[in-house]
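Heads up: the structure comes next, in structure tokens.
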Amino acid sequence: MNKAKFTLMAWLFSACLLHAQSGEILTNSSIVKMVNAKLADELIIDVIQGSTVRFNLSNDSVQYLVSAKVSEPVLEAMRKASGQPYTSLSAQAAGSISRTAAPASGGNQEQALEAYGYVTPMARLVTYYEDEFKKLASSVDEWDARIRDSIQAIGKINAELLQVDRQLNEKKNADSKAFSDEILQLKKKQSALRTSFRASKNRLVATGASIVSRLEDMSKSKVKSVSDRYNSVSQSVKSFDPDPLKGETGVPVAFNELEIREDVSELISPLKEMLVWHLNEIRVVRDLITTWNARVSEVVIKDRDLRDKLEPLQASLKEYSTDARANKTEIADLKKQISALEKERGALEDKMEDDSGELAAALKSMSEKTQTSVEQRFADMISNINYAFQEKLTF
């Protein structure tokens with residue numbers, strides 16, 4: 001074992017033993033360092049049990065720890081020490097399948113997630129789709145209320161008209177004489193009710209035309225807003241600081257529960273399809289965040305390993321430098337090792353930059369496909385709602 005590696009192992013072993021005595025808080029990062037130093041699970045668990053801990057055991061953090069090769073026994077010890085909920089990797093996978101298979105129209109009840117490094121700007125896509133969902137849902141509620149009021153008014157007129165029709169038939173069938181004043185009054189009322197019925201029905205059809213007009217405007221606005229939001233997020237992803245250190249701290253991504261009403265009037269029921277579309281897009285973004293988080297985590301773990309190797313070398317270099325002439329050979333060897341490690345870290349930074357560029361390009365491609373999807377969906381909704389109001393409307 002070379003001197004640098006021995007120094008690192010000794011430092012880590014000492015740190016492990018001191019954790020339980022010093023009151024220092026044990027974190028996820030502390031556990032990963034011990035795992036990277038190849039310490040036995042039993043030793044790590046002993047340190048956990050004797051330390052003050054502040055672990056993050058969210059699903060995303062557990063996936064990160066698993067990718068860093070933290071074992072199930074150590075994860076279980078972390079859970080017991082912190083009292084935080086922890087689900088095994090296999091159970092998480094089952095839960096993920098369950099959520100994917102759930103009907104989109106049942107609402108959006110996803111668990112919390114964290115984004116890392118250049119992935120963090122994608123949280124703005126989640127916010128965008130949630131805001132757009134809420135705006136459309138609000139419009140649906142408004143239109144549904146107007147339609148129901150109109151239908152209720154038409155139904156009331158229709159019921160009164162049917163009653164007058166029955167009375168007229170009874171009076172006219174009673175004898176063959178000329179129409180009485182009572183019959184004439186009923187016919188006058190019948191004419192007025194028919195006029196009112198036609199006017200009410202025309203107002204309802206006009207409401208449908210107004211909704212269609214609003215949807216046409218919303219379609220154009222939506223296409224532009226999708227383009228603007230994806231371009232903005234794409235630029236932020238590409239320009240994100242590629243330093244792997246920036247990827248160590250997760251940024252929470254909130255997924256709010258979004259419900260779709262099932263009792264919407266049949267005349268505008270096609271609008272529910274667009275609400276489901278928003279939920280599906282949120283799931284697509286969530287999957288992307290999870291996928292690219294894994295790539296960020298891979299680089300961050302490698303960079304942390306290199307920094308852990310650099311730390312004792314730099315400490316040794318500082319110590320040898322107090323007598324540079326006597327330690328000329330050792331200093332030269334240390335500088336060579338440090339330079340090689342720093343070169344590796346530079347390559348990791350380049351990879352982060354390349355990956356962020358790849359994700360930015362993927363987002364631009366998604367933007368184009370999403371804009372096409374928006375146009376098609378709105379055109380389909382408009383066609384179906386037009387048909388419902390113009391052809392299908394009956395009382």
Side-chain angles (χ1 to χ4, degrees), residues 1-22 24-48 51 61 64-71 74 116-119 240-250 292-358:
M1 181 184 295
N2 62 38
K3 182 177 181 181
K5 188 171 183 180
F6 177 81
T7 303
L8 174 61
M9 289 289 290
W11 177 83
L12 282 168
F13 187 79
S14 299
C16 291
L17 295 177
L18 288 173
H19 260 298
Q21 304 171 11
S22 65
E24 182 179 348
I25 296 173
L26 206 64
T27 65
N28 290 21
S29 180
S30 309
I31 300 301
V32 172
K33 285 184 178 180
M34 294 185 211
V35 171
N36 288 342
K38 309 299 182 185
L39 299 184
D41 284 354
E42 292 79 5
L43 175 59
I44 298 175
I45 291 170
D46 285 344
V47 174
I48 291 171
S51 301
S61 295
Y64 177 83
L65 288 167
V66 170
S67 69
K69 303 191 185 316
V70 177
S71 69
V74 171
Y116 294 89
Y118 56 80
V119 182
F240 199 90
D241 189 341
D243 185 350
L245 281 170
K246 301 294 183 180
E248 289 203 335
T249 305
W292 286 87
N293 269 347
R295 293 180 65 164
V296 172
S297 297
E298 182 182 359
V299 174
V300 167
I301 290 170
K302 289 179 180 178
D303 182 71
R304 185 184 295 123
D305 181 56
L306 292 173
R307 284 188 283 114
D308 287 343
K309 291 176 181 178
L310 275 169
E311 188 174 339
L313 295 177
Q314 291 168 335
S316 297
L317 179 62
K318 184 176 180 180
E319 182 181 346
Y320 281 127
S321 295
T322 57
D323 189 354
R325 182 174 297 179
N327 301 313
K328 186 176 179 180
T329 301
E330 289 82 355
I331 289 174
D333 182 57
L334 285 170
K335 285 184 175 180
K336 185 177 180 180
Q337 293 181 58
I338 290 171
S339 177
L341 292 173
E342 287 179 340
K343 185 176 180 180
E344 287 186 55
R345 288 197 67 208
L348 289 177
E349 185 168 324
D350 291 341
K351 177 171 173 51
M352 287 282 273
E353 188 169 6
D354 291 342
D355 286 349
S356 66
E358 184 180 339

* Those residues that, when tested against D41, pass side chain to side chain donor-acceptor pair (under 3.5 Å) (two or more places apart) -> S71
* Tell me, do V70 and N28 make a side-chain contact under 4.5 Å, heavy atoms counted? -> no
* **Least distance between heavy atoms, L26 atom then S30 atom** => CD1-CB, 3.6 Å
* To do: Look up atom OG1 in T322 and atom CG in L317, then write down how far apart they are to the nearest 0.5 Å.
  => 10.5 Å
* Asked: Just wondering, are more than 12 heavy atoms of other shown residues or ligands nearer than 6.0 Å to CD in Q314?
  -> yes
* To do: First locate atom CG of L334, then atom CG of L310, and finally report the distance between them rounded to the nearest 0.5 Å.
  => 11.0 Å
* Asked: Does D333 have any side chain to side chain contact (heavy atoms under 4.5 Å, CB included) partners at least two apart in sequence or in another chain, and if so, which?
  -> Q337
Contacts under 3.5 angstrom, residues 339-348 side chains, donor-acceptor by atom type, not counting sequence neighbours:
{"residue": "R345", "atom": "NE", "partner": "D303", "partner atom": "OD1", "Å": "2.6"}
{"residue": "R345", "atom": "NH2", "partner": "D303", "partner atom": "OD1", "Å": "3.3"}
{"residue": "R345", "atom": "NH2", "partner": "D303", "partner atom": "OD2", "Å": "3.3"}

* Name all residues meeting the side chain to side chain donor-acceptor pair (under 3.5 Å) criterion together with E349; count only those two or more places apart in sequence or in a different chain, and write none if there are none. => none
* salt bridge (Lys or Arg N to Asp or Glu O under 4.0 Å) partners for E298, two or more places apart -> K302
* To do: To the nearest 0.5 Å, tell me how far I331 CD1 sits from K336 NZ.
  => 16.0 Å
* Under the salt bridge (Lys or Arg N to Asp or Glu O under 4.0 Å) test, residues paired with D355 that sit two or more places apart -> R295, K351
* To do: Measure the shortest side-chain to side-chain distance between M352 and D243 over non-hydrogen atoms and say whether it is less than 4.5 angstrom.
  => no
* Assess whether side-chain contact (heavy atoms from CB on, under 4.5 Å) is satisfied between I48 and I31, documenting all intermediate values. => CA-CA 9 Å; I48 291 171; I31 300 301; 3.8 Å; yes
* Asked: Could you go step by step and tell me if M34 and V74 meet the side-chain contact (heavy atoms from CB on, under 4.5 Å) rule?
  -> CA-CA 11 Å; M34 294 185 211; V74 171; over 6 Å; no
* **Atom of Y118, atom of S356 and distance for their closest heavy-atom approach** => CG-CB, 3.6 Å
* Asked: For R307 and E248, what are the C-alpha separation, side-chain angles and deciding distance, and is it a salt bridge (charged side-chain N to carboxylate O under 4.0 Å, His left out)?
  -> CA-CA 13 Å; R307 284 188 283 114; E248 289 203 335; 2.5 Å; yes
